[in-house]
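Input: a single structure, listed below in structure tokens.
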Amino acid sequence: MTAKERLVAVAAHLTGAPTHPYDAAFTDVPLAPPDAILNLTSLYKADQDPNKINVGVGAYRGEDGKPWVLPVVRKAERLVIEDPTTDHEYLPVTGVPAFVDAALKLIYSPENPALREKRIAGCQTISGTGAVRLGAEILKRFYKAPVYISNPTWGNHRAIFTDAGMEVREYPYWNAKTRGLAFEEMLAAFRAAPNNSIILLHPCAHNPTGVDPTFEQWKQIAEVLKSKNHLPFFDCAYQGFATGDLDRDAQAVRYFVSQGFEMLTAQSFAKNFGLYGQRAGCISVVASNPQRAAAVLSQCAKISRGMYSTAPAHGARIAARVLNDPVLYQEWQSMANRIISMRVALFNALKDLNTPGTWNHIVDQIGMFSYTGLTPEQVQVMKEKFHIYMTDNGRISMAGLNTGNVRRFAEAVDWVVRNVK
């Protein structure tokens, strides 16, 4: 303690004044570490090398490596802006009704009996992150059980549930030896978890591994979860982006509903619409009866009102236009094809270079991300020597590759695999 601080403490003791001087209210606030992904982007932007490559950020890029706005999104945005009924009033607390209704039909299917029976209710959120956070708040207040997340998982999952005050545990997911799914280990963890636990699941395009269960494996997962009375919580950020088929990417969610589960589903429209900054998302509950669904929705409205009042309107209105207009819906193109072609191109380049190791997992995995198997030491050299930016766990965003840089990326991988242990 400095002399000045001692004098302040003595004076406070004698007068009853606060022990901290007025300008020291935040003295004990530590500096938070930078977000790994956002910091990676900052490092990339500061790099002056003309051949730099960013495969860290999970955002779609066109063949030129630049952000790409879907033509149908531009068209729908013009329609929204030019609509004389469009205003800037507050939205209902549960969001744009046309958006929420369309989001539920997209993930559950319009013919789902649970929708007709009004056992599914949804609330617009601040993208997928907000959907998971709002779901976590509901569970913390009214369910009170540990939540199990996959190891590995999206870097924000743990933070979201921890900040909501929930106990976070893990279940095995990635088999490093096979570079595939640790399926039996995962099932064993579900069986060992206390009854009524919350199980967070990625229905398609698992982030960060790009490894998904087969449909038959999803059936086994559902069987185990039902035997333990676990509560499924699906986080769906890539519908239409995994296989390119909207229905196929939703088949796990729909199967669980058909098996009678009560559950939560978070949806993001950042990736499949390219609406990253517009923050359009939805949280929905599947309940055993309409009264329970309505009760959960009422709590979503109450909690979101206290957190951020209402969700933003613009992105939800754009998505609603596309989802509810048959012509625009048909024009809504999947961005999965270019991602798939880049997987093939990278695999072929590594094969052509005779890069040590097995690289079939590059084409076996699906979705935006690929878990390469590179070590943190190898990743560091990729940044320092080759100006290639990726997360320390070896995950890459396939959207960052294009025909102009995929060979250069493969050559860098080949070099570090041979020279960095």
Side-chain angles (χ1 to χ4, degrees), residues 35-38 56-61 67-68 70 73 99-100 102-104 106-108 122-136 147 149-150 152-161 173 199-213 218 232-254 256 263-284 311-312 315-316 318-319 322-323 332 334-336 339 365-371 391 395-400:
D35 179 87
I37 300 296
L38 300 180
V57 65
Y60 187 83
R61 296 292 181 262
W68 187 62
L70 277 70
V73 167
F99 167 73
V100 175
L104 299 184
L106 185 70
I107 190 67
Y108 296 109
C123 179
Q124 185 184 332
T125 59
I126 303 177
S127 201
T129 303
V132 177
R133 186 67 168 84
L134 189 51
V147 57
I149 61 177
S150 65
T153 190
W154 176 46
N156 220 12
H157 275 149
R158 179 175 292 278
I160 291 170
F161 288 105
Y173 195 87
I199 310 296
L200 186 77
L201 300 164
H202 305 223
C204 63
H206 181 271
N207 180 3
T209 68
V211 175
D212 287 351
W218 276 119
F233 188 163
F234 284 101
D235 183 9
C236 186
Y238 298 96
Q239 186 180 0
F241 217 122
T243 65
D245 184 322
L246 289 161
D247 293 321
R248 184 178 173 187
D249 288 352
Q251 64 181 354
V253 174
R254 296 174 185 180
F256 273 63
M263 52 191 260
L264 293 175
T265 303
Q267 291 170 267
S268 169
F269 291 81
K271 305 297 192 299
N272 51 14
F273 271 88
L275 293 170
Y276 305 101
Q278 298 298 338
R279 316 310 292 148
C282 182
I283 182 70
S284 57
I318 292 171
V322 176
L323 293 172
W332 180 31
S334 167
M335 295 176 280
I339 299 296
Q365 296 166 1
I366 62 174
M368 179 174 285
F369 300 109
S370 179
Y371 225 43
T391 56
R395 186 203 79 169
I396 62 171
S397 170
M398 298 303 301

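Between Trp332 and Phe273, the ring planes are parallel. Angles under 30° get that label, and only those over 60° would be called perpendicular.
The side chain to side chain donor-acceptor pair (under 3.5 Å) with Asn207 is formed by just one residue from the set His202, Lys271, Arg395; it is Arg395. The residue from Thr125, Leu104, Val100 that alone fulfils the side chain to side chain contact (heavy atoms under 4.5 Å, CB included) condition with Ser284 is Leu104.
Taking 4.5 Å as the limit, every side-chain heavy atom of Phe269 sits out of range of all side-chain heavy atoms of Ile318. You'll find the side chain of Phe161 reaches within 4.5 Å of the side chain of Val132, heavy atoms only. Using a 4.5 Å cut-off on side-chain heavy atoms (C-beta onward), Ser397 and Val57 make no contact. With a 4.5 Å cut-off on side-chain heavy atoms, Tyr276 and Pro67 do not count as touching. Between Trp218 and Val253 the shortest side-chain heavy-atom distance does not fall below 4.5 Å.
In terms of heavy atoms, Ile149 sits closest to Thr153 at CD1-CG2, 3.9 Å. The shortest heavy-atom contact between Gly281 and Phe99 is O-CE2, 3.3 Å. Shortest non-hydrogen contact noted between Phe233 and Ala131 is CZ-O, 4.4 Å. In terms of heavy-atom proximity, Gly135 sits nearest to Leu264 at O-CD1, 4.1 Å. In plain terms, the two heavy atoms of Ser268 and Ala270 that are nearest each other are OG-N, 3.1 Å. Nearest heavy-atom pair, Pro312 versus Gln124, reported as atom, atom and distance to 0.1 Å: O-NE2, 2.8 Å.
Other residues, nucleotides and ligands contribute only 12 or fewer heavy atoms inside 6.0 Å of the CZ atom of Arg248.
Here the straight-line distance linking atom CH2 of Trp154 with atom CZ of Phe369 works out to 10.0 Å at 0.5 Å rounding. Of the inter-residue distances, the one linking Asp235 atom CG with Ile160 atom CD1 reads 7.5 Å to the nearest 0.5 angstrom. One distance of note links OH of Tyr173 with OH of Tyr371; it measures 12.0 Å at 0.5 Å rounding. Between atom CD1 of residue Ile107 and atom CG of residue Leu246 there is a gap of 9.0 Å, rounded to the nearest 0.5 Å. Note that SG of Cys282 is 10.0 Å distant from CG of Leu134, once rounded to the nearest 0.5 Å. Atom CZ of Arg279 and atom OG1 of Thr129 lie 5.0 Å apart (nearest 0.5 Å).
A donor-acceptor distance shorter than 3.5 angstrom exists from the side chain of Gln239 to the backbone of Leu106, with no hydrogens or angles considered. With Gln267 contributing its side chain and Ala103 its backbone, the two residues share a donor-acceptor pair below 3.5 Å. The backbone N or O of Ser127 lies less than 3.5 Å from no partner atom in the side chain of Gln278, so there is not a single donor-acceptor pair. Within the 3.5 Å criterion, the main-chain N or O of Pro203 finds no donor-acceptor partner in the side chain of Asp249. One N or O on the side chain of Thr243 and one on the backbone of Asp245 form a donor-acceptor pair closer than 3.5 Å.
With hydrogens and angles left out, the side-chain atoms of Ser150 and His157 include no donor and acceptor closer than 3.5 Å.
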